[in-house]
Amino acid sequence: MCLAVPAEVLSIDADVAVCRVDRGQTTVKASLMLLPAAPEVGEFLIIHAGFALRVLDREEAEESLRALNEAVGCPLGTGTEE
């Protein structure tokens, strides 16, 4: 089973975004080549296997993160923040 977690775009260089996963310090790089348009810094992406699959609005990303954190017993705002 694959699980894609929203990640916030921190920076973009060429067609690669550096993104923060959830609210922690973990970052991942994602190719933007599959997106129809480049995202902006601060937007959220769904990333799978190193490729950004789509852009999420902040509300949708926050709701997804909240549901994922609750599913693993870590409500948003505890334990994963910097």
Side-chain angles (χ1 to χ4, degrees):
M1 179 172 110
C2 296
L3 183 61
V5 176
E8 183 178 8
V9 177
L10 299 177
S11 65
I12 299 172
D13 183 20
D15 284 336
V16 177
V18 174
C19 304
R20 178 177 41 217
V21 179
D22 200 352
R23 298 191 188 283
Q25 297 179 7
T26 302
T27 59
V28 296
K29 290 184 178 179
S31 171
L32 304 175
M33 67 182 293
L34 298 179
L35 296 178
E40 300 286 330
V41 171
E43 288 189 302
F44 287 83
L45 303 175
I46 288 292
I47 301 167
H48 180 68
F51 292 91
L53 300 179
R54 74 180 185 99
V55 177
L56 302 173
D57 64 38
R58 181 169 292 276
E59 183 176 312
E60 184 178 13
E62 294 289 341
E63 181 60 31
S64 294
L65 291 170
R66 186 176 7 267
L68 289 168
N69 284 321
E70 287 176 3
V72 297
C74 184
L76 190 64
T78 62
T80 59
E81 295 182 356
E82 295 177 44

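Just so you know, these numbers use all the heavy atoms, side chains as well, and skip hydrogens, waters and symmetry mates.
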Quick check: is Val21 connected to Val55 through a chain of hydrophobic side chains (ILVMFWY, heavy atoms under 4.5 Å apart)? yes

Scan the side chains in residues 26-48 for donor-acceptor partners under 3.5 Å anywhere in the protein, sequence neighbours excluded, and list what turns up.
residue, atom, partner, partner atom, Å
Ser31, OG, Met33, N, 3.3
Glu43, OE1, Glu40, N, 2.7

Give a yes or no on this: more than 12 heavy atoms of other residues, nucleotides or ligands lie within 6.0 Å of atom CG of Asp13. no

Partners passing salt bridge (Lys or Arg N to Asp or Glu O under 4.0 Å) against Arg54 (at least two apart in sequence or in another chain): Glu60

Output the distance between atom CD (Glu8) and atom CZ (Arg58), rounded to the nearest 0.5 Å. 5.0 Å

